[in-house]
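Please read these numbers as outputs of a predicted model, since none were measured by experiment. Every chain is numbered from 1, with letters handed out A, B, ... down the list of sequences. We use all heavy atoms of the structure for the numbers below, so side chains are in, but hydrogens, waters and symmetry mates are not.
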Number of protein chains: 2
Amino acid sequence: MNDICIRVDEPLIKQMVQNLPDEQTINKMSAIFQALQSDTRLKILFLLSQKEMCVCELECALDVTQSAISHSLRTLRQLDLVRVEKQGRFAIYHLADEHIRTLIDLCNRHVTECST
Amino acid sequence: MNDICIRVDEPLIKQMVQNLPDEQTINKMSAIFQALQSDTRLKILFLLSQKEMCVCELECALDVTQSAISHSLRTLRQLDLVRVEKQGRFAIYHLADEHIRTLIDLCNRHVTECST
DNA sequence: TTAATACATGAACATATGTTCATATATTCA
DNA sequence: TGAATATATGAACATATGTTCATGTATTAA
């Protein structure tokens, strides 16, 4: 406990720590996972992976207020997981790229495969 | 705002909502992403993807208390993202399966590719 | 130009989370 | 047996998060 147990090969551990992605990368990754961790945001992403939608449509689909949806969309926007295209007074949202669809599908498969 | 804007095709939206994964699946997915959202837990998973490790080794590698590491490991264990194997007084942790490695790698690539 | 619609945002609140501290349990060694 | 080591866990605290409410801005329609 006081730093070193019999199993610890300190130079090896140091090497492994150096192999870690840098702090900035870790931070970005945890921010992305953080965004994917909310039921509401996950549902938004699942919906957007079916077709692009305006806020109204999302509001119709989900059982939360317009405000909550907008806040969620901002989070997703700031991480570049979704993008907006303004069409008159409508804001049409779509997935930023295929990576995000893949991420979600992968997790979905993991969950459904492993629970059977 | 009062439910329906001009763009909303209600039957279509209803259909899309039915295509969503069920609540239980959504919950499990958000729980997994929730677990991946902490810097400490992410680092643990990156380390374990290099080799299986005991708590002591993780303690040597990371700059947090043994207690914090144990708590993190419990979270990961409960979601079956890591597994333990007891060896005498040591608890040797390893990734539960390849899915989790893939998930992390995918996110890592997304972050590093998109920031260049 | 006024009203209505679509969306965004700040404040506030209740809840959740991560960490540390203190302590418990389990295994090994003397 | 008793002490040391390795790990786990409960409590507590500070911080973060998600939602709603109230309100702001921008666009369209009348």
Inset, instruction - Decide yes or no on side chain to side chain donor-acceptor pair (under 3.5 Å) for B/Asp22 and B/Thr25, but give the supporting numbers first. - result: CA-CA 5 Å; B/Asp22 57 86; B/Thr25 301; 3.2 Å; yes
Inset, instruction - Would you mind reading off the distance between A/Ile69 atom CD1 and D/dC21 atom C1', rounded to a whole angstrom? - result: 16 Å
Legend entry - Out of C/dC21, C/dC7, D/dG18, whichever nucleotide has its closest atom nearest the side chain of B/Ser67: C/dC21
Inset, instruction - Write down the distance between CD1 (B/Ile44) and P (C/dT19), rounded to a whole number of angstrom. - result: 9 Å
Legend entry - A/Arg74 side-chain proximity, nearest of D/dG18, D/dA8, C/dT9: C/dT9
Inset, instruction - Ignoring the backbone of B/Cys5, work out which of C/dG18, C/dA6, C/dA8 is nearest its side chain. - result: C/dA6
Legend entry - Nearest to side-chain heavy atoms of B/Ala68, which nucleotide of D/dG18, C/dT19, C/dG18: C/dT19
Legend entry - Parallel, tilted or perpendicular: rings of B/His99 and A/His110 (30°, 60°): perpendicular
Legend entry - Donor/acceptor link under 3.5 angstrom from A/Gln66 side chain onto base of C/dA8: yes
Inset, instruction - Give the rounded distance in Å between these two atoms: CZ of B/Phe90 and P of D/dA8. - result: 13 Å
Legend entry - Rounded distance in Å - NE2 (B/His71) to P (D/dA8): 11 Å
Inset, instruction - Look at A/Gln34 and D/dG18 and indicate whether a side-chain polar atom (N or O) is within less than 4.0 Å of OP1 or OP2. - result: yes
Legend entry - Whole-Å gap separating P (D/dT27) and CZ (A/Arg89): 12 Å
Inset, instruction - Any chance you could lay out the salt bridge (Lys or Arg N to Asp or Glu O under 4.0 Å) test for B/Glu23 and A/Lys43, step after step, and finish with the verdict? - result: CA-CA 10 Å; B/Glu23 282 296 323; A/Lys43 286 181 189 171; 2.7 Å; yes
Legend entry - Between P of D/dG18 and CG of A/Leu76, the distance in whole Å: 10 Å
Legend entry - Short side-chain to backbone donor-acceptor contact, B/Gln78 and B/Thr75, under 3.5 Å: no
Legend entry - D/dT19 phosphate, OP1 or OP2, under 4.0 Å from A/Thr40 side-chain N/O: yes
Legend entry - Interatomic distance where CD belongs to A/Gln37 and C1' belongs to D/dT19 [whole Å]: 14 Å
Inset, instruction - Whole angstrom is fine here: how far is it from CZ in A/Phe33 over to C1' in C/dG18? - result: 18 Å
Legend entry - Side chain of A/Val55 - closest among C/dA8, D/dT17, D/dT7: C/dA8
Legend entry - Phosphate-side-chain proximity, A/Arg41 and D/dG18, N/O vs OP1/OP2 below 4.0 Å: yes
Legend entry - N or O in side chain of A/Thr65 less than 4.0 angstrom from D/dT20 OP1/OP2: yes
Legend entry - Under 4.0 angstrom between A/Tyr93 side-chain N/O and C/dA8 OP1 or OP2: yes
Inset, instruction - Check whether any side-chain heavy atom of B/Arg109 sits under 4.5 Å from a side-chain heavy atom of B/Asp105, and report yes or no. - result: yes
Inset, instruction - Check whether any side-chain N or O of B/Arg77 sits under 4.0 Å from OP1 or OP2 of D/dA8, and answer yes or no. - result: yes
